[in-house]
Amino acid sequence: MRRAIAASFALIAASYAMLSLSEAYWQAVLAYFGAAVGSSTIWVFSGTLLQTEGDPAFHGRVFSVEFGLNTLVLGASSSVAGDAIDRGYSLAETSLVIGSFVLLPLVVWTLVVLAREREASDVQAAGSP
């Protein structure tokens, strides 16, 4: 699931880049669909990881924070995108910038996953005869 989350961040970034290059309605729909699939995958898989790795005594609080932050980021990004378009930036420019913002969590998430995998590999190697 961790690797799928990283791939989903990449899918979102690529989908918004594709949206910025869309010349036909069907291309824009396909690009937006890719972004929606990526964001849905991230949300479901991150929630599943939180359930499996989190302390059950804190699940409710953790999920409420996750949902609240998701809502906050979604609202903020929609507001920024709408404001950019109102200020005269094209949809192509706006979608390219929004898509490029996804590269930061992609890099951070990938580095964390690689570090965890390396740590697990080191622990396993140290424990084997």
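These numbers come from a predicted model, not from an experiment. These values consider heavy atoms only, across backbone and side chains, with no hydrogens, waters or symmetry-generated copies.
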What heavy-atom pair brings [X] and [Y] nearest, and what distance separates the two atoms?
X     : Y     : result
Tyr89 : Glu93 : CA-OE1, 3.5 Å
Gly34 : Ser15 : C-OG, 3.3 Å
Ser95 : Leu19 : CB-CD2, 3.7 Å
Ala84 : Thr94 : CB-OG1, 3.9 Å
Leu50 : His59 : O-NE2, 3.8 Å
Ala4  : Phe45 : CB-CE2, 3.5 Å

Polar side-chain atom of [X] near backbone of [Y] as donor-acceptor pair, under 3.5 Å:
X     : Y     : value
Ser46 : Ile42 : yes
Gln27 : Glu23 : yes
Ser79 : Ala76 : no

Legend entry - Residue pair Trp43 / Phe67, side-chain heavy-atom distance below 4.5 Å: yes
Legend entry - Residue pair Ile5 / Leu49, side-chain heavy-atom distance below 4.5 Å: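 They are in contact (side-chain heavy atoms under 4.5 Å apart), so the answer is yes.
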Enumerate donor-acceptor pairs with a distance under 3.5 Å from any side-chain N or O in residues 103-118 to protein atoms, sequence neighbours excluded.
residue: Trp109; atom: NE1; partner: Arg2; partner atom: O; Å: 2.9
residue: Thr110; atom: OG1; partner: Leu106; partner atom: O; Å: 2.7
residue: Glu117; atom: OE1; partner: Arg3; partner atom: NH2; Å: 2.8
residue: Glu117; atom: OE2; partner: Arg3; partner atom: NE; Å: 2.9
residue: Glu117; atom: OE2; partner: Arg3; partner atom: NH2; Å: 3.3

In Å, rounded to the nearest 0.5 Å, how long is the span from [atom1] of [X] to [atom2] of [Y]?
X     : Y     : atom1 : atom2 : result
Ile98 : Leu91 : CD1   : CG    : 10.5 Å
Ser64 : Leu69 : OG    : CG    : 9.5 Å
Tyr32 : Tyr16 : OH    : OH    : 5.5 Å

Inset, instruction - Decide if atom CD of Glu53 counts as having more than 12 heavy atoms of other residues, nucleotides or ligands within a radius under 6.0 Å. - result: yes
Inset, instruction - Determine whether more than 12 heavy atoms belonging to other residues, nucleotides or ligands lie under 6.0 Å from atom CZ of Phe33. - result: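 No, not enclosed.
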Inset, instruction - Indicate if Ile12 and Met1 have the same hydrophobic cluster label, given that clusters are the connected sets of ILVMFWY residues with side-chain heavy-atom separations under 4.5 angstrom. - result: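 Yes, Ile12 connects to Met1 through the hydrophobic network.
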Inset, instruction - Check the hydrophobic clustering (I, L, V, M, F, W, Y; side-chain heavy atoms under 4.5 Å; chains of links allowed) and say if Val97 and Leu74 are grouped together. - result: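 No, because Val97 and Leu74 fall into different hydrophobic clusters, even though each may have its own neighbours under 4.5 Å.
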